[in-house]
Amino acid sequence: MLENYSAKEIEAKWQKIWEEKAVFQPEPDSRKKFFLTIPYPYLNGNLHAGHTRTFTIGDAVARFKRMKGDNVLFPMAFHATGTPIVGLSELIANKDPLIWGVYTKLHGIPEEELSTLNTPEKIVLYFRRQAKAAMQSIGYSIDWRREFTTTDPAYSKFIEWQYGILRKLDYVVKGSHPVRWCPHDRNPVEDHDILKGEDATIMDFALIKFRMGDTVLPCATLRPETVFGVVNLWLNPDVNYVEARVNDETWIVSKEAYEKLTFTDRQVAWGAEISGKQLIGKTVTNPLTGTEVLILPAGFVDPDNGSGIVMSVPAHAPYDYLALKDLYDTDLSEYGITADLRKIGFISLIESPGYGELPAVEIVNELKVKDQNDPKAEDATKLLYRREFHNGVLKANTGQYAGTAVSKIKDVLLADLIEQGMAEVFYEFSETPVICRCGTRCVIMMVRDQWFLEYSDPEWKARVLKCLAGMQIIPEEFRVEFENKVDWLKDKACARRKGLGTHLPWDKEWLIESLGDSTIYMAYYTLAKYVNAGMKIDNLPPEFFEFIFMNNGNAAEIAKLTGIPQETVQQIHDDFAYWYPVDLRTSGKDLVANHLLFFLYHHVAVFPERLWPKAIAVNGFVSLEGKKMSKSKGPLLTLRQAVAENGADVTRLYILGNAEGTQDVDWRNDGVQSTHAHLERFYNLARDVLADDSIDENAPKTLVDRWMLSRLQRRIAEATEAMESIQTRRALQSAFYLLFNDLRWYQRRGGKNQLGVVLSAWVRMMSPFTPHVCEELWAAGLGEGYASLAAWPKADESLIDVQAEKAEDLLEKMLNDVQEILNVTKATPKKITLYTAPAWKKEMLQLAVDGAAGGKLDMGALMKAAMAAPAIAAHKKDAPKYAQKLAKAAHSLSAEALGLDEYETLGREKDYLQTALGVPVEIFSADDAGEDPKGKSKQAEPGRPAIYIE
RNA sequence: GCGGGGUUUGCCAAGCUGGCCAAAGGCGCAGGACUUAAGAUCCUGUCUCGCAGGAGUUCGCGGGUUCGAAUCCCGUACCCCGCACCA
């Protein structure tokens, strides 16, 4: 072994050996299998610290399970389907300055290489090579015989088979759905295509169809229930409206609204322009209540929001109340309105705690809103909306809806209104404008004849929930998150026109959307090995997959059909039967609401229950020096960079030991440096132990030897338990840092002969985390074969030595107490005398423990019992004081301190105490205190000897 | 807004099935040992006060339950993640 720790040499050496000796290439055998998968990375950049975390957790678990004796399969592949890679290749080809900067500076790609990546194929090839090299450089125990890319032809066949099944199950259906759309590019826009307004969401407004004769005046609202309280409509007199044909009706809407309608799934035709002024003063009919209401002018009406026509509910909408109030003293004769607007009665329809009949009026007064142009009007609206939404209940005048909570009414009412032809849905951005990167203002487009995965299907959902119920979710708190998301999931468009991917087998114009092609691919790993080995793949019909994965058919038939040798077909089939289902999938928490959910959906759809996944573990992200990492804006730390700068083992150790579960790891340079120092200390200590021939494992065990072995068992037990539940940080705390401290104490106490025993277990326990350095140490004399394949240490109950631990505890506490006294007195000791507790106090403690019931101890009863004991009675004067103390501590009394012969222990370790304290030490029992100038021996209690310092 | 997670001693971070918690571990900082010196390593200390091992005040903020709360309940503020057709 190397004299000094050198990550580079050690890591390169062992990575080469692992590969050459095929250490991590499992085949089915009689052992229990463990199939672990991690979402494959998308190939539009280099792997970064976030990937590093997820993958390293997975690798540590894989290595742990392997050492526990499982036959572990840990494969990896690459994701390339979808649009980003295509977009990226165009940007690179055009030498887009932004992309150029990101990829040269953040991803660290040399300019000459980057300039060659001008097609999707070259990008895929390049990043695939990079990613694999990166994963190898950090020492993942991946079976690389099974790697693939989602654009491989055989993979496409597999996806086609899967979608064939989904189609047969009627889970793939056609429908329409709204998307953000750039009219210039004629394409849906994604988040990264948006210049401004990426936070805008698509909201569905109700379009309530008020009528003026045969003409419809649609009012857009988020609160359809308030239609019961409409007392007038608002139009902006300064806005031009248009009379348009919409399907087979005539609508009046603002010009802006008309434009938006053209992108919906309605047939629209432009009619006559008509000014707002012309309409004001006319009346319209409320479709639901049949009442006639007047159209009034209002400046707050925005033609670019909704239809440009607003229904007025002054009892519940501050703007409506304000606008109406503003008109009370205005001359409206130019609109032909002569009626006294004060006679318009408000209609109250929502009951909410804290408000009376007219909440809008109350809140306007409360916030002292002046008029409709006052900015506070907006606050009042939001506040009231929130309160009524959460606490409001519909009143009697809403008929069949009376008593319904406002928060529950929208969908129900809207559906009813639509059914009766009184309303339609109108989509609008939550904030405007939304601007595409090309500078064009985006609209909401209804995509027609789109293929959907029907995730809303209640039976499908029920199966997913059943699957979840049978799964282990780590951390357990995320189970409810998963369940909520299943509930929330709606139908998902599953096909696109652009990008890389597999065509829908029955509709070749469409490509299967990339999240939909990465749901059950774990099954494909069993097959990929044979594809990579040169299996004939020209003809892989659904029957082939049916046999492999579903056990439908037989190998001979399939062989004939595909031209693949029968034995191979049978073997793939048997491999799958052995490895499936997925035992654990670990992933970043960002995939919970999408990929992980789809992973479950598709598994329950395609596979029988026994092949459903067993467990999901979710982990958090990685930040850099407290800053969120960003692939496009920086800062970014790539996997390769981390390894190049710090070594694989240090990178692994840091990222696994720094945070747990869904918390974020903060990558900090000082922390990484100290991790490096720790690992080096570990190496040096191990080296020294390995070189020390004076160690005699079979020598009689001293107190510290027994203590050390006892602690080791506890550390092993803790680390094992932690790894079983994928808590790498907890495991490392125990297996590395705390055990390190134990060893320090052991050596300080003069322990030596068990160092080899400890080291053997220690190296094995560290192997999943820092595999390279452990191989190096293992090979230097700890055992045969590979540390990576050695048996994970098992905690030996019989070596747990409570007595030894207590004795060491006593010594440590002793030293701490002496230290504290010295600190306080600032004295320089010449001699220290220790007095262990007298027999009567021990007896009394026992009485107290016996008498303490339910955490309570009766002083009187204790004294009575004590006085009956002659040994205690002899100390009549001191006994009550001690009894009082015991009574006070009644809830935490324990006889533990009685289990150790303190006098004997201290006597035996007297030499050590003298060395540690640097002065002569004398030890007495308080029963036989000898010279006791300050009477200190009286303070001695069980578990806490008295101290006298001179 | 909805759903999930979080707020601990200078920093990171355990604890959170109530007492053994002034609260693990690491980092940082301070002192000491070693060394010609530096580094590394080891030891000690690191909320406040204290000339005998003690006492006091802490675990976002405000209340409550309890003999007893960082840990349970209620309220409140702030932070992070997701909210889709995009990987």
Side-chain angles (χ1 to χ4, degrees), chain A residues 39 41-44 79 81-85 177-180 188-193 201-202 382 385-386 389-390 407 430 447 450 452-453 455 475 477-478 480-485 487-496 513-516 518 588-595 597 620-621 623 626 628 657-666 668 670-671 673-675 677-678 680-681 684-685 729-730 732-734 736-738 740-741 744 747-748 813-814 816-827 855-856 889-894 896 916 934 936 939 944 946-949:
Chain A
Y42 188 70
L43 292 177
N44 65 342
H79 196 197
T81 39
T83 52
I85 288 176
H177 80 293
V179 297
R180 288 182 300 203
V189 286
E190 295 155 21
D191 270 349
H192 56 266
D193 291 333
T201 56
I202 296 175
K382 281 193 176 144
Y385 179 89
R386 205 176 330 166
F389 181 81
H390 290 294
S407 58
S430 60
V447 179
Q450 169 68 276
F452 279 90
L453 281 163
Y455 287 149
E477 299 95 83
F478 261 61
V480 61
E481 171 83 346
F482 273 103
E483 287 167 351
N484 288 343
K485 296 297 180 193
D487 192 42
W488 153 91
L489 198 64
K490 301 194 196 108
D491 293 351
K492 183 172 191 318
C494 65
R496 298 198 55 130
E513 194 273 321
S514 71
L515 285 177
S518 48
K589 62 181 169 186
D590 50 329
L591 300 187
V592 169
N594 42 72
H595 163 72
L597 226 43
F621 306 138
S623 57
K628 199 189 284 187
N658 190 265
E660 198 79 277
T662 53
Q663 285 184 330
D664 291 358
V665 165
D666 189 21
R668 295 163 62 130
D670 59 353
Q673 293 311 318
S674 111
T675 301
H678 262 285
E680 201 167 338
R681 252 173 274 162
N684 293 340
L685 176 64
R729 181 188 154 85
R730 185 176 146 219
L732 276 170
Q733 283 291 323
S734 181
F736 191 54
Y737 295 100
L738 296 178
F740 217 131
N741 291 349
R744 255 183 228 147
Q747 290 191 298
R748 192 172 147 204
K813 264 197 273 178
M814 216 47 258
N816 285 342
D817 279 350
V818 169
Q819 193 58 52
E820 190 172 349
I821 295 168
L822 292 178
N823 284 348
V824 172
T825 59
K826 299 186 172 69
K856 295 226 182 253
H891 52 77
S892 58
L893 283 180
S894 140
E896 245 185 52
K934 289 265 167 76
K936 290 285 177 195
Q939 290 181 14
R944 190 162 175 267
I947 298 167
Y948 174 54
I949 298 175

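The sequence lines fix the lettering, A, B, ..., with proteins before strands; numbering per chain opens at 1. Just so we're clear, the structure is a prediction, and the values are computed from it rather than from any experiment.
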Should the side chain of A:N484 and the base of B:G3 be counted as holding a donor-acceptor pair, with the cut-off at 3.5 Å?
no
Between B:A13 and B:U7, how many Å separate the two P atoms, rounded to a whole number?
9 Å
What is the nucleic acid contact for A:G82, judged by heavy atoms within less than 4.0 Å: base, sugar-phosphate only, or nothing?
sugar-phosphate
Taking for A:N658 and for A:F740 the nucleotide of RNA chain B with the nearest heavy atom, the one nearer the 5' end belongs to A:N658
Would you indicate what A:L489 reaches in the nucleic acid, counting non-hydrogen atoms under 4.0 angstrom: base, sugar-phosphate, or nothing?
base
Could you check whether A:K490 gets within reach of a base, just the sugar-phosphate, or nothing at all, counting any heavy atom under 4.0 Å?
base
Restricting both atoms to N or O, compile the protein contacts to nucleotides 77-81 of chain B shorter than 3.5 Å, with distance only.
residue, atom, partner, partner atom, Å
B:C81, OP1, A:K628, NZ, 2.0

For a quick test of reading the model: is some side-chain N or O of A:R730 closer than 4.0 Å to OP1 or OP2 of B:G25?
no
Taking the side chain of A:H678 as its heavy atoms from C-beta onward, which of B:U44, B:A87, B:C27 lies nearest to it?
B:C27
By side-chain hydrogen bond (donor to acceptor under 3.5 Å, both in side chains), A:R744 pairs with (sequence neighbours left out) A:N741
What nucleotide, of B:G53, B:C85, B:A87, holds the atom closest to the side chain of A:Q939?
B:G53
Please work out if A:I949 contacts a base, only the sugar-phosphate, or nothing of the nucleic acid, heavy-atom cut-off 4.0 Å.
base
Its contact letters, B for base, S for sugar-phosphate only and - for none at protein heavy atoms under 4.0 Å, make nucleotides 28-33 of chain B read ------
Taking B:C11 as the reference, what is the distance to B:C83 when you measure between their P atoms (whole Å, please)?
32 Å
In terms of side-chain heavy atoms of A:N594, which of B:A84, B:A87, B:G53 is nearest?
B:A87
Under 4.0 angstrom, heavy atoms only, what part of the nucleic acid is A:K485 near: base, sugar-phosphate, or nothing?
base
If you look at every strand shown and take non-hydrogen atoms under 4.0 Å, does A:A946 touch a base, only sugar-phosphate, or nothing?
base
Just name whichever nucleotide pairs with B:A77, Watson-Crick or G-U, keeping both distances under 3.5 Å, else none.
B:U7
By salt bridge (charged side-chain N to carboxylate O under 4.0 Å, His left out), which residues pair with A:D817, not counting sequence neighbours?
none
Need one value for A:D491: base, sugar-phosphate or nothing, where a base atom within 4.0 Å counts as base even if backbone is also close, heavy atoms only.
base
Determine whether any donor atom in the side chain of A:N684 lies under 3.5 Å from an acceptor atom in the base of B:A40, or the reverse, and answer yes or no.
no
N or O in side chain of A:R668 less than 4.0 angstrom from B:C11 OP1/OP2
no
Polar atom pairs (N or O), protein with nucleotides 21-24 of chain B, under 3.5 Å:
none

Rounded at 0.5 Å granularity, tell me how far CZ in A:F452 sits from NE2 in A:H177.
5.0 Å
Provide the distance between the two P atoms, one in B:U35 and one in B:U48, to the nearest whole Å.
34 Å
Residues forming a ring-ring contact (aromatic ring centres under 6.0 Å, His included) with A:F621, sequence neighbours excluded:
none
Please name the nucleotide paired to B:C29 by Watson-Crick or G-U wobble geometry with both distances under 3.5 Å, or report none.
B:G45
Taking only side-chain nitrogens and oxygens of A:Q663, does any of them come within less than 4.0 Å of OP1 or OP2 of B:A14?
yes
What distance separates A:Y737 OH from A:R729 CZ, expressed to the nearest 0.5 Å?
9.0 Å
Identity of whatever pairs with B:C2 - Watson-Crick or G-U, under 3.5 angstrom:
B:G82
Polar atom pairs between nucleotides 45-50 of chain B and protein, under 3.5 Å, N or O only, would you list them?
none

Determine the interatomic distance between C1' on B:C51 and the same-named atom on B:G60; round to the nearest Å.
39 Å
Any side-chain to backbone donor/acceptor pair from A:D664 onto A:G620? Under 3.5 Å, distance only.
no
Separation of B:C2 P from A:E483 CD (nearest whole Å)
21 Å
Please report the distance separating the P of B:C81 from the corresponding atom of B:G26, rounded so that it comes out in whole Å.
31 Å
Between A:L591 and A:P39, which heavy-atom pair has the shortest distance, and what is it?
CD1-CG, 3.8 Å
Can A:E481 and A:K589 be counted as an ion pair, charged N to O under 4.0 angstrom?
no
Among B:G82, B:G53, B:A87, which is the nearest nucleotide to the side chain of A:A593?
B:G82
To the nearest Å, how far apart are A:E477 CD and B:C16 C1'?
12 Å
Consider the side chain of A:L515, meaning its heavy atoms from C-beta on, and name the nucleotide among B:A87, B:G82, B:U44 that approaches it most closely.
B:A87
For A:Q747, enumerate each residue passing the side chain to side chain contact (heavy atoms under 4.5 Å, CB included) test, keeping only those at least two apart in sequence or located in another chain.
A:L685, A:L755
Taking only residues two or more places apart in sequence or in another chain, which ones pass salt bridge (charged side-chain N to carboxylate O under 4.0 Å, His left out) with A:D670?
A:R668
Considering only the P atoms, how many Å lie between B:U17 and B:G32, rounded to the nearest integer?
44 Å
Which whole-number value in Å describes the distance from A:Y737 OH to B:G26 P?
9 Å
Any residue meeting side-chain hydrogen bond (donor to acceptor under 3.5 Å, both in side chains) with A:E820, in chain and number order, not counting sequence neighbours
none
Among the candidates B:C85, B:G5, B:C27, find the nucleotide nearest to the side-chain atoms of A:E513.
B:C85
Give me the distance, rounded to whole Å, that separates B:C2 from B:U71 when you measure between the P atoms they each carry.
26 Å
Just checking A:K826: base, sugar-phosphate only, or nothing, at a heavy-atom cut-off of under 4.0 Å?
nothing
For A:R730, which residues count as a salt bridge (charged side-chain N to carboxylate O under 4.0 Å, His left out) partner, sequence neighbours excluded?
A:E718, A:E721
Apply ring-ring contact (aromatic ring centres under 6.0 Å, His included) to A:Y42 and list each qualifying residue two or more places apart in sequence or on a separate chain.
A:H79
Please report the interatomic distance OG(A:S674) to CZ(A:R681), rounded to the nearest 0.5 Å.
7.5 Å
Among B:A84, B:G54, B:A87, which nucleotide sits nearest the side chain of A:T83?
B:A87
